[in-house]
Every structure is written in C-alpha cells, then in structure tokens.
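Presented below is the structure to which this report refers.
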2 protein chains.
Amino acid sequence: MPATIKDVAKLAGVSISTVSRVINDSKPVSQEVKKKVLDAIEELGYRPNEIARTLVTKKSFLIGIIVTDIGNSYVAQMVRGIEEVGKMYNYDILLCSSYGDKETELRFIQLLNRKQVEGIILLSEIVNKEVKEQIELLKIPFVYLNRYFFIEHFPTVSINDYDASYEMTRYLISLGHKNIAYVTTNEEVEYSLEKLKIAGYRKAIEELGESDEILCFTKGYNIEDGYEIGKDVLNLKKDLNITAVFCSHDELAIGLMNYFYDNSIRVPEDISVSGYGDIKIASIYRPRLTTIKEPYYDIGAVAIRRIIKEIKGEEMDKSHIKLPFQILTRESCTKIEK
Amino acid sequence: MPATIKDVAKLAGVSISTVSRVINDSKPVSQEVKKKVLDAIEELGYRPNEIARTLVTKKSFLIGIIVTDIGNSYVAQMVRGIEEVGKMYNYDILLCSSYGDKETELRFIQLLNRKQVEGIILLSEIVNKEVKEQIELLKIPFVYLNRYFFIEHFPTVSINDYDASYEMTRYLISLGHKNIAYVTTNEEVEYSLEKLKIAGYRKAIEELGESDEILCFTKGYNIEDGYEIGKDVLNLKKDLNITAVFCSHDELAIGLMNYFYDNSIRVPEDISVSGYGDIKIASIYRPRLTTIKEPYYDIGAVAIRRIIKEIKGEEMDKSHIKLPFQILTRESCTKIEK
DNA sequence: TTGAAAGCGGTACCAC
DNA sequence: GTGGTACCGCTTTCAA
C-alpha cells in the first residue's frame, strides 16, 4: 500500500491540512513545519493520489480522444499535436480507437464521460449525427475532426478545402496541363467535404476554359482503392488524353502510382500525379508526391488548445477554425510541353 | 452538475446502497425496487462516476503507456494491439509520448503512478536503467518494449532476433548472393540488440564459407540515415562486389532505396535490398521490400495481456516472451545469376 | 432484501 | 499558521 496523506501527517507530526497545504502550496506554512513535512514525504516516497484529488476538485486533467485508427499516419500526427499541447497544460490523453464503427464511437463517448474527462476530441471518418446529440447532452468541451465529412455547427478545425483544391488545380494548369482528372470517392453523401473540393477543382477548370472536368470515382479512400482505379485512369489517358491526375487524398495517389509502377507507366514522364494531405509517405515515396499539406499536427494542437480554453471558461472565438495550407511541389508532377 | 447516486436514490425513494446494488448487480434486489431505480437512472441520465468508484475499489481500469513517438508506424501498430486487447478487458489507455527523452520517461512513470494506472507499458528506444529502479519501486505490472535495446531481467516481448537475422541472411544466400553487406547502426552500447542480429548474420556468412562479413555502419535508425549511407554502399558494391544489402531496420532499407532511386541504381536489378521489421511502408513502397515481419500488433497485444494477467494475480510464465517472425519475400531482392 | 454508516485519499472552509 | 472536519461519489460491511 502506498503512503497516504495521513501517513505523512502522522510521521511529520502535523495535521493532514498542513500536509495538503505544503504539497499544493496553497497557503502559507512555516519553514520548519514545511521541512518536516517534506522530509516525511521523502521518507515515505509519498505521491498524492490524483484520483482522490479529482474527486473533490472535479479536475481530472484528462482529455479523451476517440480516433478511427491510430495506424493511419495522419491520425497519428494529429494525436501528436493533441498530446504535446495537452501536456503543456498538464492534461493527459485517454485514447480510444473506434475503427470507424458508429456504435463504438457512441460507446466511447459515454465511457470517457464516466471517466470524468474534461473534454473530448472526436477524430472521425464517418458522419454520425447521434454523436452530435450525445455530445451536446454531456455539456463538455468538444471538437470534431473529420477529414471527409462535416457536421454543421460543430466545432472543428481544418484547412479551406475549396481553396486548396482550387489552388492545386491551378498549379497543375500552370505546368501546362489541360486535361486533368480529379480522382475522388464516390460519395454522394450530403455532408461530404468532397463536394467542396470538387467545386474548387471545377472552378479552376472552368476558368481555364479549354477543357472539361473529368471526375473519376473510387470505391473508398485507401491505397488499395487508388490502385484499383488505375485501369480506369489509364483508359482516361487514352481516350481523353489526360496528362495529370489530381487525387483527393494522398492514399489514392500512392495507390495509383503503385499501379503505374506495376504496369510500367512512368510518373511523372507519362503522367503527373498529385495528392492531397501530405501524409508521411508522400515525401518518402519515389517519386515524391506533389500534394497539399494539411497541417495535421497543427490541427490537433489547435483542437486541444480550443478545448483547454473552454475548460478555463474562456469564450470560444468561432466554431470552425481554418488553418493555412500549402502546395508542396515535388517530383510526381512535371511540366507538359506545349 | 451531473446526477449522482444520491439523486437517483432520492428519486427512487431508496437508499444509495440499493442503487449501488442495482448498478453493480452485486447483491439481490427485489424486482419492483430494481425497476424504480432503473427508471430513476433513466430519467436522470445517471452515469456512475468512475473516479469515485476507483477511489474505493482501487481499480482504475487504466493502463499507462509511454511511447517514443506515436508517429512511428511500428509504434502505432503496437499501440493498436495494446489498446484493442485492453478494451476487451475494459481497460483504457493513457498515452504519453517521451520523444526519446530519458527524463521525460521517468517523469511519465511518476505521472502515471499518481493517476493510479494499474500497469505500465514502456515502449522505449533508449536504454535507461533508472527506469528499472523507478519501476521496481512502484510494484506495478510492467512490460518493457524496445526495438533496439534490452535491459536484463526485464519483462519484455519480441521475436528471436538472432534467428531472424540468421534466416534472412540464409534467404539471401539461397538467392545466390555471396557478398552481402549488413547495414546497421554504429552502436557499441552494451545492451544493443544489434549484437544478436549481427551474430545471426555472421553465422550464416560463416556457414557459407565463401565470403567475409561486411558491416556497414549508419549514424542512426532513420530513413535519412539509410539515405546517407548510400554512397558507402555503392563503394562497397564497386570494391567488394556486393550484390545484396541486409538492413537492420526497414527504415534504413527505405532510405537506401531512395538513395538508389535518386542515383538511378535499380533495385533489385543492380542490387538487392532487404529490411527488418515490416513497417507499413515496406509493402507500399515500390519495389516492395523483402523483410522480416516483426509482429508489432501482436507484441503489443501480448504485452498487455501479460499485464492484465498480472493484475488479476496470475503468476507470470516467463520474463521474456518470444513471438514467431516471418521472412517476407518481395520484389526488392532477386536471384543472382551464377 | 434493505438501510445506515464507515471510509477510500484527498481539498477547503472554519475556528482558534 | 495550524488543526478539525465536512464532503466529493461511490462501495461495502454490518444490522435490522
């Protein structure tokens, strides 16, 4: 059994109130008494029980985060940002992985609530409106992070996807590309962020006025889905003479490039490929992937900062925080000769 | 303020003991009373406060894990295994990232202890003997995971590195390679696992008896370190006619292959490259990397299972659990013509 | 089957 | 400055 505050008090020959005062530095204690207490603490190896402390103060210094899968590199980056900033404010992270299951997300929200977390960050990849209701009942600081969907009027942080998509398309055009395919997921769902991104792409294509938009739909968001679409893209190349492919997620771009590699299509000589996200592998893969940098770490950092502010009772500035993005020009895209 | 057990008791017109009994199902309660309580719980949206519960039961259902960096894919995989199995037993994960700092590791151990975690998994990349002392003082179930070093008599789980290294070298030899360089970190530290791995490699080379061992030292374990060694490896190729490189970590292999790509050396046509670990990127990269599969997920899963067993008071079988590995033959290594 | 009460390890208010 | 004590929300004897 570890030593308690009582043990310390007894050994030091003082009351537990006094011990509490010295460990919290909450009220003045005379030098001599302080020393006695400190000695007793040292001797017993006493460490305050945070659980007991939390029970009375209501401050658990815990923030719960529900992620889809920490194995996704972008998720890991966000979690890094969340944890690192959290630690700066003495907050610890309770990690839960939902693996994309709706019910699990809901269950974890309850779980975290019971564990008395002071805030929750939900890093989701699905749209789950029940979460919205549940969360609102909890009356707990909350941020919703989702790379694919949005829920209206829900606190979140991201880049401006419309602008990012527009800028990337403009960049490809600036390289001389005219027939540019946009590869995305076949998501006709109401809340898909892809709508914004497609709109950005579309605007740039329309401004160019020399070609039509070419949309190419995958089954999902993964590397495998990118790989599977390879054949279709090749047909597009043949039929519509596309010279560049703008993938709505790096994963799709990597999958596509793998397909090209396996089929002896050279990137970027035969076709340019760009991505979206700048996940870790984008700069490791060869050729390195031209992409849009979504600042995952910062998104996490800002999210938790927001939560901590709210815990401290500060008013929230605005619901949707938008962070700057960056077009990263690398070797997977090249100029086209006129 | 959320409802407490008292609120429920009052509303249901029973004592808090009774409420406690129905929520824990710990002692018989008459059907009618039970229903009243359940209704009250429902009406108030009551959820038991786990903190209060923990204070009396001493069971926090929390396991602390200290990692170097969740951004490393192998770390993320281990954490997945840890969390998933933990959840099966109702345990939650408190995540702390040390970023390889000794002092931080130590601090987190104290932190986790104060938060009353029931066990700790330290996923380290450095050797820190003070940790050993600290941990032992805590008298708390503990597992030490380290890909690079070991601490004697410390509970851990890994593959048999000597065997794995031996098998991989044998595989390369079976492809016809004779002059095989082993790329590793220049770690003359006492507790480096590299010693084992080098010994395995050496044994296979000696058994072949047709060539000498060729050791090649990098500055560290990262992709960049692998890249930097590229030039040296090329010289080895010229001078000693090496045809295969066995890298002690996938990261080094990927870095090396990047160097080769950037310098127009073809893998595997000009040189075969193999890795160690099977991190995520190994099977995504092109050419896919031949490597040794370290079952990261399983390592994490076994680690936490061990901890939970110990929490439950079961005796520990043995200190060092060894899991099976696998030689994954992919395209980065090819047969050599005689 | 139910209730009263002690106590888990702290904090904080109130007296002195 | 210091000690006494109520209380945080719950579990768990012990009696009734």
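These numbers come from the heavy atoms of this one structure, side chains and all, not from hydrogens, waters or symmetry mates. Per chain, numbering begins at 1; letters A, B, ... match sequence-line order.
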Residue pair Thr18(B) / Val33(B): nearest heavy atoms and the distance that separates them: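 Residues Thr18(B) and Val33(B), closest heavy atoms: CG2-CG1, 3.6 Å.
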
Nucleic acid footprint by protein, nucleotides 6-16 of chain D - heavy-atom cut-off 4.0 Å, B for base, S for sugar-phosphate alone: --BBBBBB---

Any Ser30(B) side-chain nitrogen or oxygen under 4.0 Å from OP1 or OP2 of dT1(C):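 So the side chain of Ser30(B) is outside the cut-off, no N or O lying under 4.0 Å from OP1 or OP2 of dT1(C).
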
Distance-only side-chain donor-acceptor flag, Tyr91(A) / Lys59(A), under 3.5 Å: yes

Any side-chain donor near an acceptor of the partner, Gln134(A) and Glu105(A), under 3.5 Å: no

Ring center gap for Phe149(B) and Tyr191(B) short of 6.0 angstrom: no

Phe142(A)-Phe154(A) aromatic ring centre distance below 6.0 Å: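 Centroid distance Phe142(A)-Phe154(A): below 6.0 Å, so yes.
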
Rounded distance in Å - NZ (Lys34(B)) to P (dT2(C)): 11 Å

